[in-house]
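This report concerns only the one structure given below.
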Amino acid sequence: MCTDPTRATPAVEPVPDEPAAVATVGDERALLIADYHAGYEAGLRRERGVDVPSRAPERRERLLGILERTGIDRLVVLGDLMHSIGDPDGAERGEVEVLFESLPPTLEATVVKGNHDGGIADWLGDATVVSGAGATIGSIGVCHGHTWPAPGVLDCEVLCLGHEHPCVRLEDEVGGSRVEPAWLRGRIDPEPFRDRPEYAGVPWIEGGDPPQLIVLPAFNDLAGGTWVNVPGQSFLSPFLPEGLASGEAYLLDGTRLGPYREL
């Protein structure tokens, strides 16, 4: 159980123009990011034969810049820090190791294990690695989203996840279109959770106010994603889109687009 009447209401606020959010619970502030996909370019060469120059330095400097501007206490990666599903190759592991060597020495780091993170807990010694089913930061639950969240994570005031890489396809009046990364935000719909026995003790499922659900955009802007407003698109998470039936979409600059299923 995450809710605690003695705690201040948690706040999760996007960093303007960045695929990252600052979560504040009491005196602690954590930067949340999802789907960093280190080594993505090496994966493209290996999997598709596409030669793309590595953007590892740009990714690292972007994250370090956000950390410096926000002045937070902890970095939390909501899964898929790595790209390869198995053991990482030299370039991918090297990118992760250089990234963590570059972090401020006083910064705590937590990595939620995503479906791409393989045996990361065996060699990433500079961070706390937790299950993809999630963990809690005060009254905020964090998970990756590729599997059902742990009951204690679901029973929080706010649940944050990645995995989906949400994007919206926007059209102009002359038929042109572009795809933009987006945030999804709204109250969890309890329906897909009701028949699962592991959630029998979660009180809001049978009545009361459900938590707020926030789906983060992918930090890696090469990694593609789910076009959440295009009919027929398959979602990746086992509880989406049903678990966020009335959620709204926001662009990285804060523009509110409205209900994501009606765009």
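Model, not experiment: these values are computed from the prediction. This chain uses plain numbering: 1 for the first residue, then up along the sequence.
- Annotation: the span from E180 atom CD to L251 atom CG amounts to 6.0 Å, rounded to 0.5 Å.
- Listed here is the closest heavy atom pair of F239 and T147: CE2-O, 3.7 Å.
- Residue L184 holds its CG atom at 9.5 Å from CG of L216, rounded to the nearest 0.5 Å.
- What you find for P151 and E198 is that their closest heavy atoms are CG-O, 3.2 Å.
- No donor-acceptor pair under 3.5 Å is formed between the side chain of T136 and the backbone N or O of G141.
- Side-chain contact, H163 with H144: a donor N or O sits under 3.5 Å from an acceptor N or O.
- A salt bridge is defined here as a Lys NZ or Arg NE, NH1 or NH2 lying under 4.0 Å from an Asp or Glu carboxylate O, and E41 with R59 meets this definition.
- Residues P14 and W183 have side chains in contact (heavy-atom distance under 4.5 Å, counting atoms from C-beta outward).
- Once rounded to the nearest 0.5 Å, the distance linking CG of L75 with CG of L99 reads 7.5 Å.
- Electrostatic pairing of R62 and E18 counts as a salt bridge here, judged by a charged N lying under 4.0 Å from a carboxylate O.
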For this session: Could you check H37 against L81 for side chain to side chain contact (heavy atoms under 4.5 Å, CB included), going step by step and ending with a plain yes or no?
Result: CA-CA 5 Å; H37 284 276; L81 173 62; over 6 Å; no
For this session: Let me see the working for R187 and D209 under salt bridge (Lys or Arg N to Asp or Glu O under 4.0 Å), right down to the final yes or no.
Result: CA-CA 8 Å; R187 292 288 176 183; D209 294 329; over 6 Å; no
For this session: Check step by step if side chain to side chain contact (heavy atoms under 4.5 Å, CB included) holds for R185 and Q212.
Result: CA-CA 7 Å; R185 192 166 191 157; Q212 187 175 114; 2.6 Å; yes
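- Among residues at least two apart or in separate chains, salt bridge (Lys or Arg N to Asp or Glu O under 4.0 Å) pairs with a member in residues 246-263 are E248-R256.
- Closest heavy-atom contact between W204 and P210: CE3-CB, 3.5 Å.
- Ring geometry for F193 against W148 counts as perpendicular: the plane angle is over 60°, on a 0 to 90° scale with 30° as the lower cut.
- The shortest distance between side-chain heavy atoms of I120 and M82 falls below 4.5 Å.
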For this session: Show your working on side chain to side chain contact (heavy atoms under 4.5 Å, CB included) between L159 and V153 and close with a plain yes or no.
Result: CA-CA 7 Å; L159 175 61; V153 172; 3.5 Å; yes
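- Residues A127 and V111 share a closest heavy-atom pair of CB-CG2, 4.1 Å.
- Residue E58 qualifies as enclosed at atom CD: its count of foreign heavy atoms under 6.0 Å is above 12.
- Taking the side chain as every heavy atom from C-beta outward, P181 and L252 approach each other to under 4.5 Å.
- Counting heavy atoms from C-beta outward, L78 and C143 have side chains that stay 4.5 Å or more apart.
- Residues L64 and I33 fall within the same hydrophobic cluster, defined by Ile, Leu, Val, Met, Phe, Trp and Tyr side chains chained together at heavy-atom separations under 4.5 Å.
- Between C160 and I140 the shortest heavy-atom distance is SG-CG2, 4.2 Å.
- The shortest side-chain heavy-atom distance between L32 and I214 does not fall under the 4.5 Å cut-off.
- Comment: E171 does not engage R178 in a salt bridge, judged by the lack of any side-chain N to carboxylate O separation of less than 4.0 angstrom.
- In this structure, the side chain of D35 does not engage the main chain of N220 through any donor-acceptor pair within 3.5 Å.
- A pairwise comparison of heavy atoms in L222 and Y40 identifies O-OH, 3.3 Å as the closest pair.
- Atom CD1 of residue I205 and atom CG of residue D155 lie 8.0 Å apart, to the nearest 0.5 angstrom.
- Separation of atoms CZ (R69) and CG (L31) is listed at 9.5 Å; rounding is to 0.5 Å.
- Contact check for D221 versus R55: side-chain heavy atoms found under the 4.5 Å cut-off.
- Atoms CG and CG, on L213 and D189 in that order, are 10.5 Å from each other to the nearest 0.5 Å.
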For this session: Given side chain to side chain contact (heavy atoms under 4.5 Å, CB included), test F100 with E95 step by step and report yes or no.
Result: CA-CA 9 Å; F100 275 77; E95 180 179 350; over 6 Å; no
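- Put simply, the side chain of F219 does not reach to within 4.5 Å of the side chain of V77, judged on heavy atoms.
- R74 has its side chain within reach of I137: a pair of non-hydrogen atoms, C-beta onward, lies under 4.5 Å apart.
- At least one donor-acceptor pair closer than 3.5 Å links the side chain of Y260 to the backbone N or O of L244.
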